[in-house]
Amino acid sequence: MAALMEKIYETAMQNYNMTLLAGESGLYRLTDWVHVVEEIDYIEFLKGRELIVTTGIKEPDEAQLLEFTTRVWKAQASGLVINVGKYIPEIPGSVLEFGAEHNFPIFTLPWKVHLVDFNRELCNLIYKSEEQYATLYSAVQKAIFYPDEAVQCQEILRQEGIIAETPIRLIQCYTFPTEYRGIQNAARGGDCAVSRFYSWFYQNCQQILHGGRHRFTVFQNPPYTALVVFGLNEQEIRHAAEKMRELCSKYEGPLQVYLSASGSDTCITNLSEKYHITSLLCRQGAKEGRNLSFEEESGIWRMLLGIQDRRSLIYYKEQVLGELERIDTETETVHMKLLETYLEVNGNMQEAASRCYLHRNTVAYHLKRIAEITGRNLNSAADRNELYLAFQIKKLLEL
């Protein structure tokens, strides 16, 4: 990835007396390279995310410089550096107002600075940032998808200044095209939309995580986009997750977005497990219409999600509910729905009858039959807990 504009500014300010005059809110932007541009017609060849440097030799008056700035911004450059002195003694107010209004960083650079040295040092900084990010990106992905190598990844992170005690959190995004209502269809189509979301999400992560103050990496494994961030405390991770939920709810793309955040016990050696847990929490949120889920608030699901052996979950569910499911399928009865509702209302028969649109006596009859089939006493808290757990496992297995 590229270097953060904030980091570039810190280096250039210390070594070359570069000054930020407008657009401070845009310092979270990413920069791929540094280019000197003097001809306004050359701007159309920019690819975006360049830091543009100009002496103003071709745009000496205010109107021309404002037009130059506007076009550079429209080309999605990350910022504009104006080499003040010989051709532009000071920056016009209209240019500064434009930068402030559009959160577009406008800098000045003293005339005495040699642009060759300036460009070379900042391009080297960008290259080094890309190497550091690539190392972090690779280590995190290995820890998730090749958990047997997690210990080696821990050593790689230590060399990057991320020690074992550094807090780690994972925020998972689950996306799928709006037209596909069922979560089973999440992987169908929408590849371009998902790719655009990734770029948008990464850019907003830079802004939410206060620029370069926190190390993080973002990667995509459709339909998931995962953020792994280092150094955030509990309050900060909740603020970041809530802010992401707010931004995702306003995302102007054809995607539905559901998020989840891992618990405070996340570390590099259990990152693979946390990736699995947050993925399922997102899917559960999608089924229940919940845009943001926290592992630490998931109740009994937190325990169930940590069980990697699905066979043991299937076995338990079959032992408790298997016969009841079979009878419902064969006789087209609704024992399962009635029992689940009865458990959800904490054994309130009248409330269960109301929710299922049945007479209370009918509910009482069916509950007696259910008790016979399952071999459970519905008046026993222990037996009701077993049945409730089986229903939660059923929901988990259906994700």
Does atom CD of E24 have more than 12 heavy-atom neighbours, drawn from other residues, nucleotides or ligands, at distances under 6.0 Å?
no

Which of L280, I277, I393 passes side-chain contact (heavy atoms from CB on, under 4.5 Å) with L304? Answer is I393

- Query: Can R49 and D32 be counted as an ion pair, charged N to O under 4.0 angstrom?
  - Reply: yes

Task: Between F118 and H114, ring centroids under 6.0 Å - done: no

Sorted by chain and number, sequence neighbours left out, ring-ring contact (aromatic ring centres under 6.0 Å, His included) with F391 holds for none

Strictly under 6.0 Å, is that where the ring centroids of F216 and Y202 end up?
yes

Checklist entry - For A3, does its backbone N or O pair with a side-chain atom of S129 as donor and acceptor, under 3.5 Å? => result no

key: Donor on one side chain, acceptor on other, E62 and S94, under 3.5 Å   = yes

Residues passing the side chain to side chain contact (heavy atoms under 4.5 Å, CB included) test with Y251, sequence neighbours excluded, are R196, F197, W200, L255

Charged N to carboxylate O under 4.0 angstrom, E318 versus K394?
no

#### Entry: Side-chain donor-acceptor pair present, Y258, Q256, cut-off under 3.5 Å
yes

Q.
So that I can tick it off, tell me whether K337 and D328 are bridged by a salt bridge, with the cut-off set at under 4.0 angstrom between side-chain N and carboxylate O.
A. no

Rounding to 0.5 Å, atoms CD (Q141) and CG (N221) come to a distance of 8.0 Å

| request: Verify whether one side chain among S293 and R290 offers a donor that lies under 3.5 Å from an acceptor in the other. | output: yes

> Between S260 and Q172, does any side-chain donor sit less than 3.5 Å from a side-chain acceptor?
Replying inline: no

Rounded to the nearest 0.5 Å, the CD atom of E160 sits from the CD atom of E131 at a distance of 9.5 Å

Residue set satisfying salt bridge (charged side-chain N to carboxylate O under 4.0 Å, His left out) with E50, at least two apart, ordered chain then number -> none

